[in-house]
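These notes are about the structure you will find just below.
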Amino acid sequence: MARDDDIIVFPERCHGIGVGDLRSCHYVRVTCRICGHTVRIYAQSLWRRYRMDDSLVHVMKRTRCRNCGGAGCVKWEIWQIDRNA
């Protein structure tokens, strides 16, 4: 869940954004459309797991829900941690 002081950066408009475009203060909030399970995936985790030129659309299409196992059925948004809070 996002904290009240976090800022949404790109709400589901991530088609031109790659893993390498994320900064250390970014995280992707992923919500399964099937069961509603929500998780944060921090930029550092994406950097370690994927290539910097991989698009987030490609990454999210390959994402599976850890709760119900649903594949590709996610809602996702890029958030930024408010460092002033």
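Below, each value reflects all heavy atoms present in this structure, side chains not excepted, and no hydrogens, waters or symmetry copies.
Atom OG1 of residue Thr38 and atom NZ of residue Lys75 lie 8.5 Å apart, to the nearest 0.5 angstrom. Between atom CD1 of residue Ile81 and atom NE2 of residue His26 there is a gap of 9.5 Å, rounded to the nearest 0.5 Å. Here the straight-line distance linking atom CZ of Arg29 with atom CH2 of Trp79 works out to 4.5 Å at 0.5 Å rounding.
Residues Val59 and Ile41 fail the side-chain proximity criterion, which asks for heavy atoms closer than 4.5 Å. Annotation: side chain of Leu56 is in contact with side chain of Val19 (closest heavy-atom distance under 4.5 Å).
Within the structure, the ring pair (Phe, Tyr, Trp, His ring centres under 6.0 Å) test picks out the following pairs touching residues 37-59 (sequence neighbours left out): Tyr27-Tyr42. Pairs of residues two or more places apart, or lying in two chains, that qualify as salt bridge (charged side-chain N to carboxylate O under 4.0 Å, His left out) and include a residue from residues 54-66 are Arg51-Asp54.
The minimum heavy-atom distance linking Leu22 with Ala43 is given by the pair CB-CB, 3.9 Å. Across all non-hydrogen atoms, the minimal contact from Thr31 to Gly36 is CG2-O, 3.8 Å.
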